[in-house]
Amino acid sequence: MCYFNQNAKKYNVVDDIEKNYTNNKNLDEKLNNKIKMELEKDALDNSEKYFVLGYLQKEENQDKKAKAYFELSKNSINNNTHEFVKIYSNKFLADYMIKKNDFKKAVEYAVEAFNNINPVDYNESYKIIWDVFEALDEEEKGRDIAIESIKKVIHTRLLSVDTQIYLYRYLHNLYMLNRDYTEGIKMSLKIIKLSEKTNNTYYMFKSVVDLSYIARELGGYDTAIDILNSIESDLINDKDLRIDLEVYRLLNLAQCENITMKYDSAQKHLNEISEYQKFINTSKNKSIECLKNITIADLYSIQGKSQLAQKHIDIANKTLDQASDTYYGLKAYYYIVLGQIELANGKNKKSIDYLNESKKYLETNPDTEMYTRASYGLVKAYKEIGDTENVEKQLVNLLEIQEEKNELISQKYYKYVGYKEDYEQVQKDKKIIKIVSFLACIMISCMMYLLLKLIVIPNISKEKIKRKIKLYFKGNNYKLNYQHIVNPNTNSIVGFEALIRLNVDGKLIMPNIIINELEQCNMMGDLSIWILNKIIKDYSHMKTIDYLEKDFYVSMNISLKEIEDEVICEKFKKILKESNIDKNIICLEITENVCGEDYKKVAKNIRELVDSGFKIAIDDFGVDYSNLSFLEKFDFNVIKLDKYFIDNIENSIIVQRLIDAIYHLSIKRNIDVVMEGVEDLDQVELIKKISDHKFYIQGYYYSKPVEIDKLKEIKLTH
């Protein structure tokens, strides 16, 4: 009873309110009654009590009463007040001040709400940060404050990668609303880079679509289409996310193709969206349906099919209010298309009203493309009614946009969305702007081309390779072949080297291609872990093979880059420990083609691997100058000499002297030496003459690499 009584005291009704709010739910009757009962108990502090009362009034749309309670709550905050109350009493006050057009006061409340978030909680609070500043999105000053605050959060360096991606996406939206396309591009590239770290293909491709939208805003529609066509949504494993991205991509693609007069292709992509809608939840589907129908109406109105355009704009109108919160600028787009339809029907005054209504929405949701389309529609409508003053006003307006953002708006843009006679008139009036626009067009085209070729396409290619590699793992396409390591004096087996192979549709793919693909995707560690597990599984079978020395070992290749990675080393140690295999059975052959930068860390990790039971070998010794220094820097048990040595042992004095030095080193430090690439009896006899002290042979003389079940078939010559 004491236990339950103590836990009952810990309950706080604010937790239920927070849960409901974050899930976008209204308070139901049951919860409403529960809240009122809690208020009667008087268990809340003043700040929490006033907040709960304010929230109840807010739910009933009693804004004035709600505001009064939230003010009381804010002024009563103390150290023990619930975190949600500290933040959201200010956040709700900010929302209220926005409704009253008191933007200055709204900013103050929003900033205070943000300051109540503990920096230690940023990882858990990133959605709250977005929510707090969302009310300020409609004013540039508010967006600037939000940008600075979010940058402050990011600079704390306390954030997980997922949190960073979320906040960079919000920053991207804010920069786009400010028409700061340079920063918008930077944010997209940051998201692409972070997404690659966590294999988050969905957000990577979302940012690629965002880049295509920037290309649209700058007038590069063909570039935008190229970017959108480069996206392969099937690389996303999660079905819901894949559908969400594909709809997002197809909507943008259809709009670009519409403007570039590729009507059949645009219609095809809009039809594809309908197929995906079957799998989307009801609330989001309404927003997609609305935007899709506006786009279809746009498509028909441009082609002069007014009746069909009117039909689809009427369908869009049914869900417009529900959808407008989901997509920025949706209402502006709706009124532009309505204006186009009325213009085509000869109802010029109605067209002017709708296009001006569109511009009103664009004041809070700036969009260069939409603004320009609205302005050109007005030019046409005013021309039809002979209002030359307003025609001139709209043309000047267009020129001001271009002058203000001459580095962003290309000449090509006006060719797509303008009316030719007006465009030509603008060019005659403003020759300087024509030159600036032309240069801007070249600069933008080059920038987007470089983004596409150097960043977007390589990342997409990398994701394709990753997906392919994962399918290879899943389909058991990777195989291990083993090659004998033999003592030539006794013809006994001292070990085997595991060599990776890839079988695709019956064709054997050699290691260099496998390794290149894995290195491109930073997946060498995944392969090495797979190889280690496979060797451990095969080890029991190897013990039954003839001619084995008692302490035989199995070796595998691993790069210095992997040795430098502490996470991989920890996994290796854990796998070996859990395998119950004796020490010095598994040998790690360090390949030096990928050099680590932190040799102290490498040396430390090697020591720990040795202590945990691994043997260490230096592979391909002598091929590169760098590995001579390995002898002093790292602990090792085996030196493997490259095929170059055995091929030149009779003809090169330098090779002979180096082998002689290695011979003495092997005796002094009690290490094994393996000569690789031995292919004939003369070479075997030559090695036997050098030493009988742990000089071993690996090569085709005894066997080429074979699969595990064929190892028993190899008969060593005595």
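Values below: every heavy atom of this structure, side chains too, minus hydrogens, waters and symmetry copies. It should be emphasised that the depicted structure is a prediction, and the values quoted were computed from it without experimental measurement.
Closest non-hydrogen pair, Leu270 versus Lys292, comes out as O-CD, 3.8 Å. What you find for Ile236 and Arg242 is that their closest heavy atoms are O-NH1, 2.7 Å. Looking at every heavy atom in both residues, Leu299 comes nearest to Gln267 through CD2-OE1, 3.0 Å. Counting all heavy atoms, side chain and backbone alike, Glu134 lies closest to Tyr170 at N-OH, 3.6 Å. When all heavy atoms are compared, the tightest approach of Glu257 to Ile225 is CG-CD1, 4.0 Å. Taking every heavy atom of both residues into account, Gly377 and Leu355 meet most closely at C-CD1, 3.4 Å.
For the pair Ser351 (side chain) and Lys347 (backbone), a donor-acceptor distance under 3.5 Å is absent. Here the side chain of Asn258 pairs no donor or acceptor atom with the backbone of Ala254 at under 3.5 angstrom. The backbone N or O of Tyr122 lies less than 3.5 Å from no partner atom in the side chain of Ser125, so there is not a single donor-acceptor pair. Listed for the Asn20 side chain is a donor-acceptor partner under 3.5 Å among the backbone atoms of Asn26. Under the 3.5 Å distance criterion, the side-chain polar atoms of Ser160 are matched with a main-chain donor or acceptor of Thr163. With Asn252 contributing its side chain and Tyr248 its backbone, the two residues share a donor-acceptor pair below 3.5 Å. A donor-acceptor pair under 3.5 Å is formed between the side chain of Glu59 and the backbone N or O of Leu27. At least one donor-acceptor pair closer than 3.5 Å links the side chain of Arg249 to the backbone N or O of Leu228.
Of the candidates Arg216, Glu369, Lys262, Glu369 is the only one forming a side-chain hydrogen bond (donor to acceptor under 3.5 Å, both in side chains) with Tyr221.
Going from atom CE of Met97 over to atom CG of Asp102 covers 3.5 Å, rounded to the nearest 0.5 Å. To the nearest 0.5 Å, the span separating CG on Leu194 from CZ on Arg169 amounts to 12.5 Å. Here CD of Gln255 is found 11.0 Å from CG of Leu250. Values are rounded to the nearest 0.5 Å. How far CD1 of Ile214 is from CE of Met187: 10.0 Å, rounded to the nearest 0.5 Å. In this structure, the separation between OH on Tyr203 and CD1 on Ile192 is 14.5 Å, given to the nearest 0.5 Å. To the nearest 0.5 angstrom, Ile341 atom CD1 is 7.0 Å from Ser306 atom OG.
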Evaluate side chain to side chain donor-acceptor pair (under 3.5 Å) for Tyr335 paired with Asp353, printing each intermediate quantity in order. CA-CA 9 Å; Tyr335 283 112; Asp353 289 342; over 6 Å; no
Before giving the answer on side-chain contact (heavy atoms from CB on, under 4.5 Å), spell out for Asp387 and Glu389 the whole-Å C-alpha distance, their side-chain angles and the decisive distance to 0.1 Å. CA-CA 6 Å; Asp387 188 342; Glu389 185 180 340; 3.8 Å; yes
Let's go through Phe205 and Leu235 carefully: what are the C-alpha distance in whole Å and the side-chain angles of both, what is the deciding distance for side-chain contact (heavy atoms from CB on, under 4.5 Å) to 0.1 Å, and is it a yes or a no? CA-CA 10 Å; Phe205 285 148; Leu235 295 176; 3.8 Å; yes
Working for side-chain contact (heavy atoms from CB on, under 4.5 Å), residues Ile150 and Tyr168: CA-CA 9 Å; Ile150 292 166; Tyr168 277 128; over 6 Å; no
Residue pair Tyr88, Tyr21: steps toward the ring pair (Phe, Tyr, Trp, His ring centres under 6.0 Å) verdict: CA-CA 10 Å; Tyr88 276 86; Tyr21 177 78; 5.1 Å; yes
Worked verdict on Tyr213 versus Met176 for side-chain contact (heavy atoms from CB on, under 4.5 Å): CA-CA 10 Å; Tyr213 183 76; Met176 291 304 293; 3.5 Å; yes
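The closest side-chain heavy-atom distance from Tyr472 to Val504 is below 4.5 Å. Within the 4.5 Å cutoff, the side chain of Ile185 has no heavy atoms near those of the Tyr175 side chain. Taking 4.5 Å as the limit, every side-chain heavy atom of Thr319 sits out of range of all side-chain heavy atoms of Ser287. Under the 4.5 Å side-chain criterion, counting only non-hydrogen atoms from C-beta, Val209 is not in contact with Lys206. Residues Phe114 and Lys152 have side chains in contact (heavy-atom distance under 4.5 Å, counting atoms from C-beta outward). Between Leu343 and Ile352, every side-chain heavy-atom pair lies at or beyond the 4.5 Å cut-off. You'll find the side chain of Val247 stays beyond 4.5 Å of the side chain of Phe279, heavy atoms only. A heavy-atom distance below 4.5 Å is not found between the side chains of Glu246 and Ile243.
Taking 4.0 Å as the cut-off between side-chain N and carboxylate O, Asp95 and Lys91 count as a salt-bridged pair. Taking 4.0 Å as the cut-off between side-chain N and carboxylate O, Lys360 and Glu363 do not count as a salt-bridged pair. Residues Asp63 and Lys99 are paired through a salt bridge, judged by an N-O separation under 4.0 Å between the basic side chain and the carboxylate. Salt bridge present: Glu148 and Lys151 bring a charged side-chain N and a carboxylate O closer than 4.0 Å.
The closest side-chain donor-acceptor pair between Asp144 and Asn178 falls under 3.5 angstrom. One side chain, Lys359 or Ser375, offers a donor N or O that lies under 3.5 Å from an acceptor on the other. In the model, Gln277 has a side-chain atom that pairs as donor or acceptor with a side-chain atom of Asn285 under 3.5 Å. Inspection of the Ser358 and Lys331 side chains reveals no N or O donor paired with an N or O acceptor under 3.5 Å. With hydrogens and angles left out, the side-chain atoms of Tyr333 and Asp367 include no donor and acceptor closer than 3.5 Å. Under the 3.5 Å distance criterion, with hydrogens and angles disregarded, no donor-acceptor pair is assigned to the side chains of Asn390 and Gln394. For the residue pair Tyr202 / Asp244, a side-chain donor-acceptor distance below 3.5 Å is found, with atom types taken as modelled. Between the side chains of Glu289 and Asn293, a donor-acceptor pair is found at a separation under 3.5 Å.
Annotation for Asp28: atom CG counts as buried by contact number, over 12 foreign heavy atoms lying within 6.0 Å. The number of heavy atoms from other shown groups lying within 6.0 Å of NZ (Lys190) does not exceed 12.
At least one test fails for Lys141 against the ring of Phe103: distance under 6.0 Å to the centre or angle within 45° of the axis. Geometrically, Lys105 engages Tyr109 in a cation-pi contact, judged by NZ or CZ lying under 6.0 Å from the ring centre and within 45° of the ring axis.
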